[in-house]
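Letters A, B, ... are given to chains in the order of the sequence lines, protein chains preceding strands, and every chain is numbered from 1.
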There are 2 protein chains.
Amino acid sequence: MTYSEENYLKVIYHLSHTANKGISTNAIANVMESKPSSVTDMVQKLADKELVEYVKYQGVTLTQKGMFMALMIVRKHRLWEVFLVEKLDFSWDEVHDVAEQLEHIKSEKLTNKLDEFLGFPTEDPHGDPIPDKDGRIASIDKKLLSEIGVSKKVICVGVKDSSPPFLQYLDKQQIALGSSIEVVAKEDFDHSLSLRVDGKNVTVSNKIASNLFVKPV
Amino acid sequence: MTYSEENYLKVIYHLSHTANKGISTNAIANVMESKPSSVTDMVQKLADKELVEYVKYQGVTLTQKGMFMALMIVRKHRLWEVFLVEKLDFSWDEVHDVAEQLEHIKSEKLTNKLDEFLGFPTEDPHGDPIPDKDGRIASIDKKLLSEIGVSKKVICVGVKDSSPPFLQYLDKQQIALGSSIEVVAKEDFDHSLSLRVDGKNVTVSNKIASNLFVKPV
DNA sequence: AAACATTTTTAGTCTTGGCTAAACATTAAG
DNA sequence: CTTAATGTTTAGCCAAGACTAAAAATGTTT
């Protein structure tokens, strides 16, 4: 497995969550900032290795084997993110690029020892679930904050967008994983939300609210 | 800096310690298990980037810039080895291949935070010195056990050869970094040594003794 | 000092992963 | 149901890094 093949598998895995048909070469190229023609080539190589199912013009899906490898890459990525935040004091907006490199380190022993060292965490610093060594994911029931009704109380459990600007915005508003949030009011005009976050009043736009995962308290 | 360029710099750095003239393409090719012609190509590329001084047919030496980059790679390699042994319970014969991968992770912040997390170690698990963030190395005065006179007492501070078979042999004889060693006798015939290692009698061949670094107690 | 052996470089080739431009499918619209 | 628009693949090309075989430089010997 080359570096590049691993990246393709990871991207296909992530795209599989939003779309439930075959993933188009175009979609992959967009995410990878490359060209559809390059994707076609690589996808054919992955199909030869039986990591993806590929029908011309119909898109790509992961095979069992490909799914497992993708899960192991995601596992490594998220474990390293936990390591960076918990042990090395990185903030949650700084970890992505480094984890993007660390996820390619090949050593099953390292991955499993790291998992143990971290106390077998089930979620990364953004609230995303961490597959265990057999690829199993503990699914948590979570909703977008934007779907929560007025006067309901919830706890912040994850972010949908984990780009640095969004995460830094949340830091500024003192919204973090574990924060308790009450929806005080919803504005009809722009769908913005008035919240009480850990006792403080905060107003957020609908765009913010639809990128925050919460669970009923 | 590509992965491959980094490996060349590292190899040239290591070879510079034993030979103090220019390093030949042949020597590099041997260590890298590649061919001299491939080395010539790469070395010319490194010279274009001013990371090495290169005169045709005369061999290669590191420039200031190249030396610093090499030191940073060695620094990362050795810090990760400490991490693997101290935090993840790897044994000293298992760390090399994984550290070989980890040394290429690009993030100054990661390296320095890791250094801090480990308590700014000055040596790796094999007793090799770890360059600090400015590339400085604390030099320790050490001799080969084979050069020590009879009835002298020393402490084991490093290994010259850190291949798994040698390290595993030392484990079996319960010789480790920090072990106190007294040279009880030296055999004229085969230059083998009778030792007292932490109170136990052990006999080792000259080959073993000339791969163990010790310092006077 | 010339001839031979060794080392090093050059020239040309291969593979991987990417690109552009052109050809080919599919879908949507008239 | 045919054409236009869009999406996808093919064909041909490029750069990096490695290789083989051949040419050139260095060194070693007599």
Would you please confirm or rule out a distance under 4.0 Å between OP1 or OP2 of C:dG18 and any side-chain N or O of A:S4? yes
Can you name the side chain to side chain donor-acceptor pair (under 3.5 Å) partners of A:K207, sequence neighbours left out? none
Name all pairs fulfilling the ring-ring contact (aromatic ring centres under 6.0 Å, His included) condition that reach into residues 38-78 of chain A, sequence neighbours left out, sorted by first residue then second. A:H77-A:H96
How would you label the contact of A:E5 with the nucleic acid (heavy atoms, under 4.0 Å): base, sugar-phosphate, or nothing? nothing
Looking at A:S37, I'd like to know whether one of its side-chain N or O atoms comes within less than 4.0 Å of OP1 or OP2 on C:dT20. no
D:dT10 OP1/OP2 closer than 4.0 Å to side-chain N/O of A:T40: no
Can you check whether B:Q44 has a side-chain N or O nearer than 4.0 Å to OP1 or OP2 of C:dT9? no
Would you classify B:Y3 as touching base, sugar-phosphate or nothing, given that sugar-phosphate means primed atoms plus P, OP1 and OP2, and contacts are heavy atoms under 4.0 Å? nothing
Residues forming a side chain to side chain donor-acceptor pair (under 3.5 Å) with A:E6, sequence neighbours excluded: A:H104, A:K106
salt_bridge(A:K10, A:E103) N-O dist < 4.0 Å: yes
With sequence neighbours left out, the residues meeting side chain to side chain donor-acceptor pair (under 3.5 Å) with A:S179 are A:D198
May I ask you to evaluate whether A:N26 reaches the phosphate of D:dT6, defined as a side-chain N or O under 4.0 Å from OP1 or OP2? no
Does B:S34 put a side-chain nitrogen or oxygen below 4.0 Å from OP1 or OP2 of D:dA18? no
What is the distance from NZ of B:K21 to P of C:dT7, rounded to the nearest Å? 13 Å
Which of residues 96-104 of chain B have a heavy atom under 4.0 Å from DNA chain C? none
Going by number, which of residues 56-63 of chain B have a non-hydrogen atom under 4.0 Å from DNA chain C? B:K56, B:Y57
Describe, in one word, how the ring planes of B:F83 and A:W80 are oriented to each other, choosing from parallel (under 30°), tilted (30 to 60°) and perpendicular (over 60°). tilted
With hydrogens left out and only the distance checked, is there a donor-acceptor pair under 3.5 Å joining A:T25's side chain and the base of D:dT9? no
Measure CE/B:M1 against P/D:dA16 and give the value in whole Å, please. 15 Å
